[in-house]
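Notes for the one structure printed next.
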Amino acid sequence: MDGSSRRDVLKLGSSGILAGLAGCSNQGDAGEPSSDTSPSTSATDGTERELRARIDELEAEIEAKNDRIEALENELDEARAQSGQYQYSSEVRNRATEAGRKLREAVVAFHFEMEDGRTSGGTGWFIDEHHIVTNRHVVSGGATEKSTNKSGYLLDGTKFDLSFVDQTTDRADDIALLKTEGTAPYVPPRGSSESLSEGQPLIHVGHPAMMNNWVIGLGEYVKPSEFGNAIQTEMPSMSGNSGSPLATLDGTVVGLTYGGVNRSFDTFPPEPAEPVAIEEYPYQEEMYAQHERIETVEEYHRQWTE
């Protein structure tokens with residue numbers, strides 16, 4: 001129970017005590033009102049004052065203990081962060097959660113069905129009231145004319161039809177645009193990728209495979225990408241996150257997630273791996289997430305909607 005709940009319970013209890021006392025003191029014999037100057041009334045008034053004083057003392061103690069609990073919880077969060085259990089402080093994680101919850105309202109889950117029975121899906125988000133931006137590789141073969149059914153889902157379960165608008169042909173860019181006759185429940189504000197600084201906390205929201213849907217990921221900005229005009233982050237990401245909006249902790253979108261790249265890919269001269277068979281790749285430890293800059297996304301959006 002949090003501090004405010006404990007205080008409310010105590011106040012409710014104290015009100016009950018005082019109401020009960022007041023009820024007793026206002027009852028006379030045979031229904032007649034008692035005298036305000038009677039000994040019993042004076043005694044009751046004294047008891048009431050004592051109880052009020054004790055309640056005030058208890059409320060002050062509870063307030064002090066609540067403050068201490070909050071301070072200890074913050075210390076625990078910091079200790080976990082320093083031990084590696086949490087990378088970020090409780091303040092950063094709380095801000096990320098708050099921004100992510102709002103951003104989820106703009107994120108769409110795709111479901112595409114093809115003539116041969118195959119299905120595919122992915123992530124997109126409302127860039128305006130009727131248009132949804134995602135990656136070219138998300139819609140290729142799914143949201144185009146090859147699809148017999150193109151559907152989108154909102155966080156609240158609302159289902160709607162989609163139509164294909166356009167996609168990039170430049171291999172350096174991985175962007176596509178879809179349209180719906182429905183209206184976006186939320187269109188997030190957009191900022192500038194040029195304003196990002198190294199180590200700045202960021203979030204993205206998507207549908208990572210084998211995880212869940214509308215998952216809020218927390219990471220940080222690393223640097224401009226060596227590949228095209230993209231940017232790189234240390235963001236938890238996997239298949240299904242393609243098309244996720246990348247945003248700052250105030251919910252301003254600064255990029256579009258589209259893939260990942262090995263963190264040591266640009267190491268030269270290249271070094272050979274150990275000549276042993278390995279059973280799994282440590283993807284999450286070795287990959288940077290890649291994101292199209294919001295400026296690039298906006299440029300294509302203007303071209304396709306004007």
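Taking Arg136 as the reference, Thr168 meet the side-chain hydrogen bond (donor to acceptor under 3.5 Å, both in side chains) condition, with sequence neighbours excluded. In this structure, Tyr153 has no ring-ring contact (aromatic ring centres under 6.0 Å, His included) partners at least two apart in sequence or on a different chain. With sequence neighbours excluded, the residues satisfying salt bridge (Lys or Arg N to Asp or Glu O under 4.0 Å) with Arg190 are Glu298. Taking the salt bridge (Lys or Arg N to Asp or Glu O under 4.0 Å) definition, one finds that Glu57 meets it with Arg54, sequence neighbours left out. The side chain to side chain contact (heavy atoms under 4.5 Å, CB included) search around Asp56 returns Glu59, not counting sequence neighbours. Asp156 pairs by the side-chain hydrogen bond (donor to acceptor under 3.5 Å, both in side chains) definition with Thr158, not counting sequence neighbours. Shown here are the side chain to side chain contact (heavy atoms under 4.5 Å, CB included) partners of Ala99, two or more places apart in sequence or in another chain: Ile203. By the salt bridge (Lys or Arg N to Asp or Glu O under 4.0 Å) test, Lys102 pairs with Glu105, sequence neighbours left out. Applying the side-chain hydrogen bond (donor to acceptor under 3.5 Å, both in side chains) test to Gln290 and every residue at least two apart in sequence or in another chain returns Ser225, Gln232, Tyr258. Applying the salt bridge (Lys or Arg N to Asp or Glu O under 4.0 Å) rule to Glu295 yields no partners; only residues at least two apart in sequence or on another chain are considered.
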Problem - Test log, rule side chain to side chain contact (heavy atoms under 4.5 Å, CB included), inputs Val165 and His131 - result: CA-CA 9 Å; Val165 177; His131 289 95; 4.1 Å; yes

Problem - side-chain hydrogen bond (donor to acceptor under 3.5 Å, both in side chains) assessment of Thr233 paired with His291 - result: CA-CA 8 Å; Thr233 66; His291 315 266; 2.7 Å; yes

Handout entry: Derivation of the side-chain hydrogen bond (donor to acceptor under 3.5 Å, both in side chains) call for Glu299 and His301
Key = CA-CA 5 Å; Glu299 181 179 347; His301 174 247; over 6 Å; no

Practice task
Apply side chain to side chain contact (heavy atoms under 4.5 Å, CB included) to Lys223 and Ile231, showing your working.
Solution key: CA-CA 6 Å; Lys223 60 182 179 179; Ile231 55 178; over 6 Å; no

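Nearest heavy-atom pair, Gln167 versus Ser140, reported as atom, atom and distance to 0.1 Å: OE1-OG, 4.1 Å.
Ion pairing between a basic and an acidic side chain is recognised when a charged N comes within 4.0 Å of a carboxylate O; Glu113 and Lys150 show no such pairing.
Asn241 and Ser239 form no side-chain donor-acceptor contact under 3.5 Å, judged by distance and modelled atom types alone.
The 12-atom threshold is exceeded at CD of Gln303, counting heavy atoms of other residues, nucleotides or ligands nearer than 6.0 Å. Counting heavy atoms of neighbouring residues, nucleotides and ligands inside a 6.0 Å radius, atom CD of Glu61 exceeds 12 of them.
Under the ring pair (Phe, Tyr, Trp, His ring centres under 6.0 Å) criterion, the residue pairs touching residues 179-223 are His207-Trp214, with sequence neighbours excluded. Counting only residues at least two apart or in different chains, salt bridge (charged side-chain N to carboxylate O under 4.0 Å, His left out) contacts with residues 249-261 are absent.
Of the inter-residue distances, the one linking Thr134 atom OG1 with Ile175 atom CD1 reads 10.5 Å to the nearest 0.5 angstrom.
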